[in-house]
Amino acid sequence: MKLQRLYSLTRQAIDDYQMISPGDHIAIGVSGGKDSLTLLYALQGLKRFYPNSFELSAITVDLGFQESDFTPVKELCERLSVPYTIVSTEIGKILFDIRKESNPCALCAKMRKGALNQAAKDLGCNKIAYAHHKDDLVETMLLSLIYEGRFYAFSPYTYLDRMDLSVIRPLMYVDEADVIGFKNKYELPVCKNPCPVDGHTKREYVKLLTKSLEKENPGVKERMFHAILNGNIDGWPEIASIRR
C-alpha cells in the first residue's frame with residue numbers, strides 16, 4: 001500500500017466520524033507491532049496538511065518482558081519528530097509469575113489501557129488513537145457473536161468520562177493486508193511480541209476463521225464490515241448510519 005492511499009483511507013475515517021478537532025493532543029498507543037507503526041506514519045503525515053491542527057505523542061506500555069527492545073521504535077519516532085514515551089510496568093510479571101493466569105488477555109488489555117490512559121493524561125493529551133483496522137472490527141464482531149451471543153464491535157470514537165479522554169480508531173477503513181503491504185514497502189521496525197500466549201488466543205482462532213470464510217465466500221469480510229457500519233450498534237456515532 002502506498003503512503004497516499006494510507007493517508008486517504010485514514011482521513012476518510014477521521015472525517016466520517018469527526019475524530020479530530022482543532023487543538024487536539026493525540027496519544028498514539030504504540031506496541032511496536034505493524035498496526036501501531038502504520039498508524040504512527042499515517043497520523044504524522046496527516047498532521048502536516050490536515051485542516052484541524054493537532055499535536056501527537058507516541059506512548060509504549062512496556063509489559064516488563066526481558067526480551068522487549070523498543071530502540072527501533074524510539075529511532076523511528078525521532079526520525080518522524082514525534083515525542084516518544086515508554087511506560088515501564090510489571091504487567092507481564094503480575095499476569096504470568098504472580099497470578100499465573102491461564103487466560104490473561106482480558107486482564108492484560110485492561111491493565112495496559114489503564115497505564116496508557118494515565119500516561120496520556122500526564123502528557124496533557126485529550127485523545128488516544130488505537131491502531132485497530134478493518135479486520136480487527138470484523139474479528140471483534142465474530143468474537144462477540146460466538147462467545148457472548150451479541151452483535152458488537154468497538155466504536156470508531158468513544159468518550160471515556162472517568163478519564164476525560166476520547167479514543168479514536170483512524171485505521172478502521174484499512175485492511176490488514178494493506179497494513180502488511182505498507183510494513184513491507186516501508187520496512188517498518190516491527191518489534192517481536194514476547195508474550196507467551198501470542199498466537200494462541202480466541203482472537204487468533206477467529207482470525208483464521210475469517211480467512212477461511214473469505215476463501216470459501218469471497219467478499220464475505222467486506223459484507224460483514226458493512227453490516228457493522230449499518231448495524232446501529234450501541235455507542236456508535238450516528239454519522240455511520242446517516243452516511244450510508
**Message:** On a heavy-atom basis, which atom in Tyr173 and which in Asp16 lie closest, and how many Å separate them?
**Reply:** OH-OD2, 2.8 Å
**Request:** Mind checking the CD-CZ spacing from Gln4 to Arg11? Nearest 0.5 Å is all I need.
**Result:** 11.0 Å
**Asked** Any idea which heavy atoms bring Arg169 and Met19 closest together, and the distance?
**Response** O-CE, 3.4 Å
**Asked** Is there a donor-acceptor contact under 3.5 Å from the side chain of Asn184 to the main chain of Ile180?
**Response** yes
**Message:** What I'd like to find out is whether the side chain of Leu209 reaches to under 4.5 Å of the side chain of Ile146, using heavy atoms alone.
**Reply:** yes
**Message:** Tell me whether Glu214 contacts the main-chain N or O of Gly219 through its side chain, where contact means a donor paired with an acceptor under 3.5 Å.
**Reply:** yes
**Message:** For a quick test of reading the model, state the closest non-hydrogen atom pair linking Pro189 to Val73 and the distance between them.
**Reply:** O-CG2, 4.5 Å
**Item:** Gap between atom CG of Leu63 and atom OG of Ser88 - 0.5 Å precision
**Value:** 10.5 Å
**Asked** Stepwise, does the salt bridge (charged side-chain N to carboxylate O under 4.0 Å, His left out) test hold for Arg79 with Glu75?
**Response** CA-CA 6 Å; Arg79 194 161 75 246; Glu75 292 172 350; over 6 Å; no
**Message:** Tell me whether the count of non-hydrogen atoms from other residues, nucleotides or ligands lying under 6.0 Å of CD in Glu90 goes above 12.
**Reply:** no
**Message:** Are Leu40 and Cys77 packed together at the side-chain level, in the sense that at least one heavy-atom pair is separated by less than 4.5 angstrom?
**Reply:** yes
**Request:** Using atom types as modelled and distance alone, determine if a side-chain donor or acceptor of Asp69 lies under 3.5 Å from a backbone N or O of Thr71.
**Result:** yes
**Request:** List the steps, then state whether side chain to side chain contact (heavy atoms under 4.5 Å, CB included) holds for Ile94 with Met111.
**Result:** CA-CA 10 Å; Ile94 292 168; Met111 295 174 74; 3.9 Å; yes
**Prompt:** Quick one: are the ring centres of Phe70 and Tyr84 less than 6.0 Å apart?
**Reply:** no
**Crowding at CD, Glu148 (>12 non-hydrogen neighbours, <6.0 Å)** = yes
**Complete:** One should read off an interatomic distance between Lys74 NZ and Thr85 OG1, to the nearest 0.5 angstrom, of 11.0 Å
**Asked** Can Leu142 be reached from Leu208 by stepping across I, L, V, M, F, W or Y side chains whose heavy atoms are under 4.5 Å apart?
**Response** no
**Message:** Applying ring pair (Phe, Tyr, Trp, His ring centres under 6.0 Å) as the test, list every pair that has at least one member in residues 135-159; sequence neighbours left out.
**Reply:** His132-Phe154
Compile the donor-acceptor pairs under 3.5 Å between side chains in residues 20-27 and protein atoms, sequence neighbours left out, one pair per line.
from  : atom 1 : to     : atom 2 : distance (Å)
Asp24 : OD1    : Asn126 : ND2    : 2.9
Asp24 : OD2    : Ser21  : N      : 2.7
Asp24 : OD2    : Lys127 : NZ     : 2.7
His25 : NE2    : Ser57  : OG     : 2.8

**Request:** Check whether more than 12 heavy atoms from other residues, nucleotides or ligands sit under 6.0 Å from atom CG of Asp234, and answer yes or no.
**Result:** no
**Prompt:** Sub-3.5 Å donor-acceptor pair from the side chain of Tyr17 to the main-chain atoms of Ser155, do we have one?
**Reply:** no
**Asked** For Leu6, does its backbone N or O pair with a side-chain atom of Thr10 as donor and acceptor, under 3.5 Å?
**Response** yes
**Request:** For the pair Trp236 (side chain) and Ala153 (backbone), establish whether a donor and an acceptor sit closer than 3.5 Å, ignoring hydrogens and angles.
**Result:** yes
**Request:** Please check if any side-chain donor atom of Asp35 sits under 3.5 Å from a side-chain acceptor atom of Tyr130, or the reverse.
**Result:** no
**Message:** Minimum heavy-atom separation for Val61 and Arg112, please, with both atom names.
**Reply:** CG2-O, 3.9 Å
**Prompt:** Sub-3.5 Å donor-acceptor pair from the side chain of Thr210 to the main-chain atoms of Val206, do we have one?
**Reply:** yes
**Message:** Starting from Val220, can I reach Leu145 by hopping between I/L/V/M/F/W/Y residues whose side chains sit under 4.5 Å apart?
**Reply:** yes
Let me have the donor-acceptor pairs involving side chains of residues 116-125, under 3.5 Å, with sequence neighbours excluded, atom names and distances please.
from   : atom 1 : to     : atom 2 : distance (Å)
Asn117 : ND2    : Lys113 : O      : 3.3
Gln118 : NE2    : Asp122 : OD1    : 3.0
Lys121 : NZ     : Met163 : O      : 3.1

**Message:** Quick check for you: to the nearest 0.5 Å, what is the distance between Asp62 atom CG and Ile91 atom CD1?
**Reply:** 9.0 Å
**Prompt:** Is Asp135 salt-bridged to Lys207, going by a charged N under 4.0 Å from an acidic O?
**Reply:** no
**Request:** State, to 0.1 Å, how close Ile28 and Ser36 come at their nearest heavy-atom pair, and which atoms those are.
**Result:** CG2-O, 4.4 Å
**Asked** Ignoring hydrogens and geometry, is there a side-chain-to-backbone donor-acceptor pair from Asp136 to His133 under 3.5 Å?
**Response** yes
**Request:** Output the distance between atom OG1 (Thr38) and atom CG (Leu188), rounded to the nearest 0.5 Å.
**Result:** 5.0 Å
**Prompt:** Does the side chain of Leu9 come within less than 4.5 Å of Met172's, by heavy atoms?
**Reply:** no
**Item:** Side chain Gln44, main chain Leu80, donor-acceptor under 3.5 Å
**Value:** yes
**Asked** Do Thr140 and Arg203 have side-chain atoms, one donor and one acceptor, less than 3.5 Å apart?
**Response** yes
**Prompt:** Would you say Lys47 and Glu55 make side-chain contact, with heavy atoms under 4.5 Å?
**Reply:** yes
**Item:** Atom pair OH (Tyr50) and CZ (Phe54), whose distance is rounded to the nearest 0.5 Å
**Value:** 8.0 Å
**Prompt:** Given side chains that start at C-beta, do those of Val174 and Leu39 come closer than 4.5 Å, heavy atoms only?
**Reply:** no
**Request:** For Ala131 and Leu171, work out which heavy atoms get closest and say how close.
**Result:** O-CD1, 3.9 Å
**Asked** Should Tyr186 and Leu37 count as side-chain neighbours, where that means a heavy-atom distance under 4.5 Å?
**Response** no
